[in-house]
**Q** 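So that we are looking at the same thing, I have put the structure below in structure tokens.
A note on names: the letters A, B, ... follow the listed sequences, proteins ahead of strands, and every chain is numbered from 1.
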There are 2 protein chains.
Amino acid sequence: MDYEPLGVAADLVILTVRDGSLQVLLIRRGIAPYRGRWALPGGFVRPKEDLEEAARRELAEETGLGSERIHLEQVATYGEPGRDPRGRVVSVAYLALVPDLPTPVAGTDAASASWVAVAEMLEDPRRLAFDHHRILTDAVERARAKLEYSPLAAAFCPDEFTISELRGIYEAVWGVLLDPRNFHRKATKTDGFVVPVGATTTRDGGRPAQLFRRGPAVTLHPPLTRG
Amino acid sequence: MDYEPLGVAADLVILTVRDGSLQVLLIRRGIAPYRGRWALPGGFVRPKEDLEEAARRELAEETGLGSERIHLEQVATYGEPGRDPRGRVVSVAYLALVPDLPTPVAGTDAASASWVAVAEMLEDPRRLAFDHHRILTDAVERARAKLEYSPLAAAFCPDEFTISELRGIYEAVWGVLLDPRNFHRKATKTDGFVVPVGATTTRDGGRPAQLFRRGPAVTLHPPLTRG
DNA sequence: GGGTCTTATCGTCAAACTGACGACAATCGA
DNA sequence: TCGATTGTCGTCAGTTTGACGATAAGACCC
């Protein structure tokens with residue numbers, strides 16, 4: 001076969017919702033290029049490894065999440081010749097949605113990983129290394145869009161959650177406030193979105209709220225609306 | 001940098017609507033592996049070439065379309081280690097939507113390219129070489145989904161088109177029949193979807209139909225519904 | 001125990017949208 | 001002139017949305 005070989009990497013946009021805001025896991029680069037900047041976690045795909053396998057491996061390395069139950073999906077691939085000053089690298093970007101774990105970010109990789117507010121990173125393209133601002137933009141937009149027509153918001157929640165907590169996810173990801181009453185109606189009446197567990201919790205204060213689990217639906221008909 | 005280099009290719013799913021059916025441009029493979037099977041057009045990304053640039057180059061080679069005005073978007077990247085028996089190749093798949101051109105398929109590449117009904121190819125996974133059945137499935141699903149919430153259907157039409165022609169696109173891509181009256185209402189009343197040109201045509205027989213052009217909208221609110 | 005605060009949940013109502021379908025308009029070919 | 005064909009406008013009932021009032025069920029304070 002006649003081809004010029006290139007480096008292929010998997011980069012991860014790991015999102016969570018903490019304290020009511022959408023956050024992304026980033027690594028502070030300790031070495032040039034882009035030393036001191038934030039970057040997405042990622043690494044090269046190994047010779048006998050599938051792309052998604054590589055992404056899951058990185059995810060586990062960065063978060064300690066034994067990842068089967070974590071939502072992971074491919075977003076896009078970036079291969080502009082000049083995107084990495086060290087050489088030609090094609091990056092396959094993956095989006096991971098994780099619940100707000102009490103787990104510390106146990107980075108086995110050298111650099112210090114931390115959760116950073118997405119809004120802050122999107123503000124200024126120069127806060128992120130390489131073309132990672134673009135990758136983050138695309139991944140966040142994908143997440144925002146998918147909340148509309150898929151039950152994906154539950155991927156940010158623990159196994160059991162209240163409707164308010166679910167609404168909090170939407171509000172954090174979309175950056176809008178939603179009417180609690182209309183949201184409640186929509187979430188509970190959309191077929192297969194959530195199923196009641198039977199128990200209640202008072203962890204949010206106020207009247208005890210029913211607990212729900214994610215339902216079997218794959219798509220939401222009709223979709224929820226942003227704003 | 002420490003990595004194992006891989007081959008990176010761009011594969012194309014070029015769709016059009018002809019004779020009321022959704023068709024894809026395929027190449028009959030003349031050499032092993034998968035000799036005699038249909039395959040998606042594609043080729044390796046060159047050392048100094050962007051991924052999309054490579055896709056546009058292939059598109060031009062296969063269709064003769066000087067492609068600026070052609071809709072081209074990335075669908076996904078496939079990199080399972082065993083997907084190409086000749087070696088490790090990572091393929092970035094692109095989706096192209098082209099109008100039904102009178103242009104002959106001027107394949108400069110050796111093999112014979114032709115338009116094939118998508119339904120026929122989706123029926124049996126073994127009619128396509130490599131993992132191209134999966135790629136085609138993903139790309140077609142992407143196209144189907146995007147027709148719902150984006151004005152993309154117009155990419156299948158000539159510059160000026162009638163509402164019926166537009167409806168024909170939806171019917172071919174979705175494989176359903178739509179009510180002409182409701183479709184007409186929806187298409188003309190959705191803000192920015194289509195704008196009237198002022199002229200009419202009788203090319204479909206019957207009463208002359210207004211001609212429209214694609215409008216400025218990027219997304220359709222609310223979306224059209226399949227079935 | 002009685003207020004008061006907070007969050008959960010149900011209900012109401014008008015406006016918008018959908019899907020089914022009737023009716024009429026404008027052309028062509030016989 | 002008479003169908004046949006396709007385009008376009010209307011009507012109507014059922015559904016969904018968005019705004020918002022009202023009540024429920026706890027916690028907290030005195």
Side-chain angles (χ1 to χ4, degrees), chain A residues 19-20 147-149 153 157 160-172 174 176-213 217 219-227, chain B residues 19-20 147-149 153 157-158 160-172 174 176-213 215 217 219-227:
Chain A
D19 313 322
L147 287 207
E148 294 190 11
Y149 59 87
C157 295
E160 301 189 345
F161 50 85
T162 68
I163 299 294
S164 293
E165 286 163 355
L166 190 63
R167 175 165 48 86
I169 301 296
Y170 278 89
E171 294 181 332
W174 286 348
V176 297
L177 289 180
L178 300 172
D179 184 290
R181 297 157 291 187
N182 291 339
F183 183 85
H184 188 278
R185 175 180 61 192
K186 185 80 174 158
T188 52
K189 294 215 173 147
T190 297
D191 225 48
F193 188 10
V194 296
V195 296
V197 153
T200 60
T201 178
T202 75
R203 63 176 168 241
D204 296 324
R207 172 175 168 181
Q210 293 231 36
L211 284 169
F212 293 82
R213 225 180 256 288
T219 49
L220 269 22
H221 284 299
L224 281 83
T225 49
R226 244 187 266 203
Chain B
D19 313 320
L147 287 207
E148 295 190 12
Y149 59 87
C157 295
E160 301 189 346
F161 50 85
T162 68
I163 298 294
S164 294
E165 286 163 355
L166 190 62
R167 175 165 48 85
I169 301 296
Y170 278 89
E171 294 181 331
W174 286 347
V176 297
L177 288 180
L178 300 172
D179 183 290
R181 297 156 291 188
N182 291 339
F183 183 85
H184 188 277
R185 174 180 61 191
K186 184 79 176 160
T188 52
K189 295 214 172 148
T190 297
D191 223 47
F193 189 9
V194 296
V195 296
V197 152
T200 61
T201 180
T202 76
R203 63 176 167 241
D204 295 326
R207 171 175 169 180
Q210 294 231 35
L211 284 169
F212 293 81
R213 228 181 254 287
T219 50
L220 269 23
H221 285 299
L224 281 83
T225 50
R226 242 187 268 202

**Q** Write down the distance between CZ (Arg203(B)) and P (dG7(D)), rounded to a whole number of angstrom.
**A** 11 Å
**Q** Over 60° means perpendicular and under 30° means parallel, so classify the ring planes of Tyr170(A) and Phe193(A), tilted if in between.
**A** perpendicular
**Q** So, taking the atom named CZ in Arg167(A) and the one named CZ in Phe161(A), what distance separates them when rounded to the nearest 0.5 Å?
**A** 13.5 Å
**Q** Rounded to the nearest angstrom, tell me the gap between atom CD in Glu165(A) and atom P in dT7(C).
**A** 13 Å
**Q** Starting from C1' on dG7(D), measure out to NZ on Lys189(B) and report it in whole angstrom.
**A** 15 Å
**Q** If I take atom CG in residue Leu177(B) and atom P in nucleotide dG19(C), what distance separates them, rounded to the nearest angstrom?
**A** 15 Å
**Q** Identify, between Gly205(B) and Asp179(A), the residue whose nearest nucleotide on DNA chain D lies closer to the 5' end.
**A** Gly205(B)
**Q** Got a list of protein N/O to nucleotides 9-17 of chain D N/O distances below 3.5 Å?
**A**
| unit_1 | atom_1 | unit_2 | atom_2 | d |
| --- | --- | --- | --- | --- |
| dT17(D) | OP1 | Lys186(A) | NZ | 2.7 |

**Q** Roughly, in whole Å, what's the span from CG in Leu178(A) to P in dC20(D)?
**A** 15 Å
**Q** What distance separates Glu165(A) CD from Leu211(A) CG, expressed to the nearest 0.5 Å?
**A** 7.5 Å
**Q** Testing Thr162(A), Val195(A), Ile163(A), Leu166(A) one by one against Phe212(A) for a side-chain contact (heavy atoms from CB on, under 4.5 Å), which residue passes?
**A** Ile163(A)
**Q** Do the side-chain N or O atoms of Ser164(A) get closer than 4.0 angstrom to the phosphate oxygens (OP1, OP2) of dA8(C)?
**A** yes
**Q** Atom CZ of Phe183(B) and atom P of dT18(C): how far apart are they, to the nearest Å?
**A** 13 Å
**Q** In whole angstrom, give the distance that lies between atom CD of Glu171(B) and atom P of dT6(D).
**A** 12 Å
**Q** How many angstroms lie between OH in Tyr149(A) and NE2 in His221(A), if you round to the nearest 0.5 Å?
**A** 11.0 Å
**Q** Before giving the answer on side-chain contact (heavy atoms from CB on, under 4.5 Å), spell out for Lys186(A) and Thr190(A) the whole-Å C-alpha distance, their side-chain angles and the decisive distance to 0.1 Å.
**A** CA-CA 6 Å; Lys186(A) 185 80 174 158; Thr190(A) 297; 4.1 Å; yes
**Q** Is there a donor on the side chain of Arg207(A) or the base of dA8(C) sitting less than 3.5 Å from an acceptor on the other?
**A** yes
